[in-house]
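None of the values given here were measured: they were computed from a predicted structure. Numbers here simply count residues along the sequence, with the first being 1.
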Amino acid sequence: MRPEAIQTAQPAAPAAAGTQSAQPGKPKRSDWATLLRLFPYLWEYKWRVLAALSFMVGAKLANVSVPLLLKELVDSMNPATAGPAGAGFSTGTALLVVPVGLLVAYAALRLSTSLFTELRELVFAKATEGTARSIALQVFSHLHALSLRFHLERQTGGMTRDIERGTRGIHSLISYSLYSIIPTLIEVVLVLSILAVKFDSGFAWITLTALVLYIAFTVTVTEWRTQFRVKMNELDSSVHNRAIDSLLNYETVKYFNNEQFEARRYDEGLERYRRAALKSQTTLSLLNTGQQLIIATALVAMLWRATQGVVDGRMTLGDLVMVNAFMIQLYIPLNFLGVIYREIKQSLTDLDKMFVLLEREREVADTPGAVSLRIDGPPTVRFENVVFSYAAQATNPANANSPLFDNISFEIPAGKTVAVVGSSGAGKSTLSRLLFRFYDVQAGRITIAGQDIKQVTQTSLRQAIGIVPQDTVLFNDTVEYNIAYGKPGASHGEVVAVAQAARIHDFIAASPLGYNTMVGERGLKLSGGEKQRVAIARTLLKDPPILIFDEATSALDSANERAIAASLHSVAQNKTTLVIAHRLSTVVDAHEILVLEQGRIVERGAHAQLLAQNGRYAQMWALQQSARSQEDPADDAAAVAGFPVSV
């Protein structure tokens, strides 16, 4: 059987660019270091490990005993070597009884080999699956704990492939090492010892020389051809990422009629992958041919020496059969050494990528001794002399050049509403990210109820804040699941109640599957307004003391905007609320309005005060009112009349 026959169809590849699989400045971990990193997870099942090793040794002892018994069986059938019949037995009877007994023993040894092997796999299966589960769960949890910066920079397709390959690599590494490498080494030692003791040392030296040449050739060629495997795997990841990116942007492809363009780009990647795969296959054929040449040469030398021993009378036919059986048993697993070695190396690489992800430093982490946020009633939120730059590195605040916010300060009084308006790119949404602590400020501080948010746990902080984002992304699940996500375990009645408040219940009820309607990947089956109303509903269900509305009604038509805004106004009563808005008519009732330009507060005050100042806010108001009156005079009249469009 050729090694290629057991190769997996899907090549295991290193991470694609952008998967954040390596941290700058850190040297590549050695294979031994990766194994040591894996060892504590396996050692949690130490008794299963020891039991599996015991069964493995038992299986190899039974396997090595088979050729020895086969020799006795052949010799017992040869009258010239069977010896005297013995008392009470004729030669014919002995020739019948002895082989029968040996055949029974032969069958028992074969059964023992299979039995010990199955027991080893059965005992160790829990350790293998448990280890894979523990590491995969730890990596998954750690990825959720990493900062927003990491997730904005990573490529989902490449990273998920890293996790998938790392998990598969655990199974492959344990399988190949425990089930192939270690058993083969044990068998080699046993066979060499038997050959050296029963015959002359020449047999052992021929076998040992062949093994050394075989292993050296396999490792050398495999290391050389690794470059072609790496290139092929990089191209595989690139093609995979390109396909995922194109499919995720299905609508954009359709908008610009670029199906053929995407197909050409994908085909170009497939063609590069094909050429690399052919080169990898060519080098694999070279490896296989060289391995077979070494094995064939060693087998001829061994059998020639054994045949000469039979002719000279120093060995029996049973000895010749035993030597041949030993060589077959020994070289069959070695025949796959190239594949096994490559798979182990690749498994170590894939596993290391998972460990690198696991060891990725958290840019935003709870400080030692962080306590839970304590809130009694609506809290006061303060931004105190905050300095922040996206370009700044968390480990070196001095790198913050041209900060987005430079010494910005404002307060959201307890139970009041503060609105932030301004042009796109002014930094409005960044305020909500800082409040959620997706990023840490480089200077100054943000407090809630007098507590610095850096000194409290992120879990308790985010539990106290609810947000309706401008760009709503939903899970590929039912409508009810997405609404109930705001409060896991919420009853169906609670879900319906908030859906009614968000004015989406009638739409859901009119659907054939009602609340069991699937929303599609990222919620693409729903319109922008429907997705935003789902986001409003799940935030209402969470019912936190602090609310953030980041363009919460931007995807709604005017009629629905006024209806939902009334509900939001009611819900926001006695809650500390930050409203980020582009439509000024939605913030006229705010306790205070901040006008943000290029990261600076250029104006602040109530709606009437800002209009009286005749500054930037008044200009924005005049422009929007002019545009609204041209589009829908009724809407303009409602806004001027002070209709409670929003909080």
Sub-3.5 Å donor-acceptor pair from the side chain of [X] to the main-chain atoms of [Y], do we have one?
| X | Y | result |
| --- | --- | --- |
| Thr289 | Ser285 | yes |
| Arg265 | Arg242 | no |
| Asn482 | Leu474 | no |

Is the ring pair Tyr481/Tyr485 parallel, tilted or perpendicular, if the boundaries are 30 and 60 degrees? tilted
Is the shortest distance from a Lys or Arg side-chain nitrogen in Lys254 or Glu259 to a carboxylate oxygen in the other one below 4.0 Å? yes
[X] side, atom [atom1]; [Y] side, atom [atom2] - distance, nearest 0.5 Å:
| X | Y | atom1 | atom2 | result |
| --- | --- | --- | --- | --- |
| Thr218 | Leu287 | OG1 | CG | 5.5 Å |
| Gln291 | Ile215 | CD | CD1 | 11.0 Å |
| Ile295 | Leu213 | CD1 | CG | 12.0 Å |
| Leu293 | Asn288 | CG | CG | 12.5 Å |
| Ile206 | Leu299 | CD1 | CG | 11.0 Å |
| Asn258 | Asn249 | CG | CG | 11.5 Å |

Out of the candidates Arg274, His240, Arg272, only one should pair with Leu235 under the side chain to side chain contact (heavy atoms under 4.5 Å, CB included) rule; please name it. Arg272
Indicate the atoms forming the closest heavy-atom contact of Ala243 with Tyr266, along with that distance. CB-CE1, 3.7 Å
Restricting to non-hydrogen atoms, name the atom on Met232 and the atom on Ala277 that form the minimum distance, rounded to 0.1 Å. SD-CA, 3.3 Å
Student check: side-chain heavy atoms of [X] and [Y] closer than 4.5 Å:
| X | Y | answer |
| --- | --- | --- |
| Trp224 | Leu286 | yes |
| Thr307 | Leu320 | yes |
| Val519 | Thr478 | no |
| Thr283 | Val221 | no |
| Phe261 | Arg264 | yes |

Mind running side chain to side chain contact (heavy atoms under 4.5 Å, CB included) on Arg275 and Glu271 for me, showing each step along the way? CA-CA 6 Å; Arg275 291 196 295 265; Glu271 174 60 21; 3.1 Å; yes
